[in-house]
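Have a look at the structure below before the remarks.
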Number of protein chains: 2
Amino acid sequence: MILYKEKKYVCLLDFAMEFIRGKWKAVILCHLYKEPKRFLELQRVTKGISQKVLNEKLKELESDEIITKIVYAEIPPKVEYHLTEKGKELTKIIKEFENWAVKYYPYLENDCK
Amino acid sequence: MILYKEKKYVCLLDFAMEFIRGKWKAVILCHLYKEPKRFLELQRVTKGISQKVLNEKLKELESDEIITKIVYAEIPPKVEYHLTEKGKELTKIIKEFENWAVKYYPYLENDCK
DNA sequence: CAGCATCCAGTGGGATACTG
DNA sequence: CAGTATCCCACTGGATGCTG
């Protein structure tokens, strides 16, 4: 049993999966893989996500040190989200899931690029 | 947008992640990696899972062709769950998450073997 | 031994409106 | 542009008891 930040995990894998739990985190990370993105850009490409949830997930990813947030002191505000090294390695693994799906479900199109 | 079995997915990755969504599926698959297991065995090693949820997840994994179920005609009943080839490949990726966690959180013990 | 039926609680996420 | 604040619903999973 692992205790981390007030939460319980039955094993290390359970703990590891926590970083990408839910419908959106993996998708967000993939969108940040090639290059950093701004908030609105991210919302646009992550089709279907609500502003509220995007914000929540970005906060969680930041506090987990998977991404970093860069705020430019401009008006209107400009914010960029980048993957950390730790986040890049995680995202590489996530992309393997995508490849797995491509292999076993080749007829499903992949518009998530 | 992908439609599959009455459900909607925003992209292929979202679809791929569906196979291991929730707290338990990844853990279960890892436990089946080395060798097939019986129901009770699986419940014992997957510490904390309820019988109901284990059953639900096994059914989902079976209908997704990630595992196969072998029923021996004995009394008392004997059932074994095996990974398919598709499932093995998926589980290999899952194990990389574990390695990622070991790398970045080396001080957390790993009792999930 | 393996698995089904209920009932219930917590939470992840949707919709909408507002702000520095 | 990049958030916050509410309100609400659906779904995942927990607890317990029963059965071929």
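Chain A is the first sequence line, chain B the second, and so forth, proteins listed ahead of strands; every chain is numbered from 1. Worth saying up front: this structure is predicted, and the values here are computed from it rather than measured. Only heavy atoms go into these numbers, but all of them, side chains included; no hydrogens, no water, no symmetry mates.
Shown here is A:I75, whose CD1 atom has no more than 12 heavy atoms of other residues, nucleotides or ligands within 6.0 Å.
One interatomic measurement links the two molecules: CD of B:E80 to P of C:dA2, which rounds to 10 Å at whole-angstrom precision. In this structure, the CG atom of B:D14 is 13 Å from the C1' atom of C:dG13, given to the nearest Å. Note: NZ (A:K25) to P (C:dG13) measures 9 Å, nearest angstrom. In this structure, B:K8 atom NZ and C:dG13 atom C1' are separated by 15 Å, rounded to whole Å. In this structure, A:Q43 places its CD atom 10 Å from C1' of D:dA2, rounding to the nearest Å. Here the P atom of nucleotide C:dG12 and the CZ atom of A:F19 are 15 Å apart, to the nearest Å. Taking atom CD1 of A:I75 as the reference point, atom C1' of D:dC1 lies 11 Å away to the nearest angstrom. We find that NZ of A:K7 is positioned 10 Å from C1' of C:dG12, with the value rounded to whole Å.
B:T84 is not listed as a side-chain neighbour of B:I67, based on a closest heavy-atom distance of 4.5 Å or more. Within the 4.5 Å cutoff, no side-chain heavy atoms of A:E18 are placed close to those of A:Y4. Looking only at side-chain heavy atoms (C-beta outward), B:T68 and B:E62 stay at 4.5 Å or farther from each other. Under the 4.5 Å side-chain criterion, counting only non-hydrogen atoms from C-beta, B:I20 is in contact with A:M17.
Residue B:R38 is in sugar-phosphate contact alone, with no base atom involved, counting any heavy-atom pair closer than 4.0 Å across all strands shown.
Near DNA chain D, meaning a heavy atom under 4.0 Å away, there are no residues from residues 58-73 of chain B. Taking every heavy atom of residues 49-57 of chain A and every atom of DNA chain D, pairs under 4.0 Å involve A:Q51, A:K52, A:N55, by number.
You'll find the ring centres of B:F97 and A:F15 outside the 6.0 Å limit. Between A:F19 and B:Y105, the distance from one ring center to the other falls under 6.0 angstrom.
Figure legend: cation-pi geometry between A:K69 and A:Y81 absent, as NZ or CZ is not positioned both under 6.0 Å from the six-membered ring centre and within 45° of its axis.
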side-chain hydrogen bond (donor to acceptor under 3.5 Å, both in side chains) between A:E89 and B:Y104, intermediate numbers included
CA-CA 10 Å; A:E89 291 188 36; B:Y104 285 100; 2.8 Å; yes
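Nearer to the 5' terminus of DNA chain C, by closest-nucleotide assignment, is the contact made by B:P77 (compared with the other of B:P77 and A:K23).
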